Amino acid sequence: MAEELIISISGMRGIVGQNLTAAIAAEYGCAFGTFLKEKFSESGEKLTVCIGRDSRPSGQLLTFAVTAGLCSVGVDVVDIGIISTPAVGVMLRHLDCAGGVVITASHNPIQYNGIKLLLDDGIAPPLDVTEQIKRIYLDKDFAQVPSVDCGRVGSDDGARQIHVDKVLSLINPEAISAKRYKVVLDSVNGAGGPEANILLGFLGCNVNAVNFEPTGIFAHAPEPTAENLRDVCIQVKKSGADIGFALDPDADRLAIVDKNGRYIGEEYTLALAAKYVLGKIRTNVAANLSTSRMIDDVADACGARVFRTAVGEANVARAMIENNCVIGGEGNGGVIDMRVGPVRDSLVGMAHILSLMAETSKSISELVAELPSYHIIKTKFTADKKKFQQITEKVAESFPDAQINKTDGCRFDFEDGWIHIRASNTEPVVRVIVEAKDKHIAEKYLNIVYQVREAI
Ligand code: MG
């Protein structure tokens with residue numbers, strides 16, 4: 001049986017040729033264009049949307065389909081080609097667009113693709129707006145226009161450089177150039193290789209770019225996890241590089257490998273980037289509830305506050321705006337620096353981490369060793385919403401003294417660790433993230449969740 005097409009806060013995601021077809025993509029384009037026309041109905045001006053895509057072979061087809069949908073409701077389109085997701089966020093504001101579209105399924109395997117929507121502020125729509133667009137799509141209530149008013153299509157190939165320049169403006173490139181770092185860059189044949197390579201070139205790095213060509217034929221499973229980066233880790237060690245950077249296919253996530261070929265992990269990406277920024281400017285931080293406590297430690301040391309949010313880039317970005325945070329993100333390697341834009345950005349992560357290394361003259365291993373050490377376990381199991389509620393209530397009974405945050409599922413904070421239990425928005429799955437000062441304590445907390453689940 002074909003999987004159900006997912007329409008969530010991250011847009012539409014499905015398997016190309018099964019539940020995600022050109023016809024569906026065109027209608028989703030119609031729906032987004034119709035929504036934008038209603039939103040900006042008082043302006044009376046013709047609207048423009050910019051569209052970029054990751055490198056999947058199905059990307060061009062879906063770009064054309066969404067573009068056709070947008071044009072059919074009278075919205076102009078600027079195609080910015082194969083590009084990272086954060087660059088679409090940068091370009092839509094650079095071109096003063098009413099919205100943006102990214103054709104990407106992020107870290108999902110090649111058979112998937114997706115249509116991610118961005119509003120004019122560069123952030124994915126909040127839940128109520130997502131529902132509004134979904135309703136227009138399902139009702140096929142499209143604001144089609146006559147032939148003379150159809151949207152026109154243009155292109156712009158400047159996005160890579162514009163994105164890189166924004167990132168460079170945050171840091172001191174000379175400090176990094178002087179170090180002549182040797183870097184292994186794995187862009188997993190995704191969209192981010194060329195942009196990352198330009199950035200690292202400006203920073204005077206000697207780049208060994210692996211899986212570089214943006215063909216969309218991923219050289220390994222595309223999520224930048226330890227398991228998927230084994231070969232890259234070997235490459236970093238063998239080549240004598242100072243650091244390895246691994247991106248996901250749309251380059252909004254960044255994982256780090258140290259010179260010994262050790263997978264540092266994505267949780268460190270945000271902690272290290274925040275450490276650099278907070279050492280330079282006074283600001284606060286936003287991070288989702290599943291993000292390591294390292295971010296609290298880093299913020300504490302700089303007198304900054306951490307605002308915890310529901311999981312999801314848009315939730316973090318909106319909290320950053322509300323609380324005037326320059327830096328924030330998610331523990332999956334997603335760093336947001338508002339000075340570039342409200343989108344997770346692997347180039348921002350690389351720039352901040354190399355800056356921290358250069359300005360402290362420390363290796364990535366030394367910088368990691370300075371952070372408090374935690375053991376984090378991320379797991380999931382099948383359960384419906386009702387069971388999720390029951391589990392959460394029973395776990396709460398087991399920890400009457402825990403600090404509880406119910407912004408997104410339930411997070412229990414203890415002196416020596418925390419548990420975050422949340423129901424997936426897109427599948428009948430409960431995600432459990434446990435972090436503690438050591439493995440033994442983390443497993444103890446996780447076992448309590450499992451015992452509760454078994455008892456229900
Ligand atoms: Mg991604």
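Read the numbers this way: they start at 1 and go in the same order the structure lists the ligands and their atoms. All residue numbers refer to positions in the sequence shown, counting from 1. Predicted model only: the values in this text are computed from it and were never measured.
- Nearest N, O or S atom of D248 to the Mg ion (ligand 1): atom OD2.
- Counting heavy atoms from C-beta on, the side chains of W418 and I433 come closer than 4.5 Å.
- For the residue pair D258 and Y268, no side-chain donor N or O sits within less than 3.5 Å of a side-chain acceptor on the partner.
- For the residue pair N288 and E330, a side-chain donor N or O sits within less than 3.5 Å of a side-chain acceptor on the partner.
- For the pair OD1 of D252 and OD1 of D250, the angle whose vertex sits at the Mg ion (ligand 1) is 100° to 10 degrees.
- Distances from the Mg ion (ligand 1) show that T85 has no N/O/S atom below 2.8 Å.
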Let me see the working for N108 and R13 under side-chain hydrogen bond (donor to acceptor under 3.5 Å, both in side chains), right down to the final yes or no. CA-CA 10 Å; N108 287 148; R13 196 171 290 189; 2.9 Å; yes
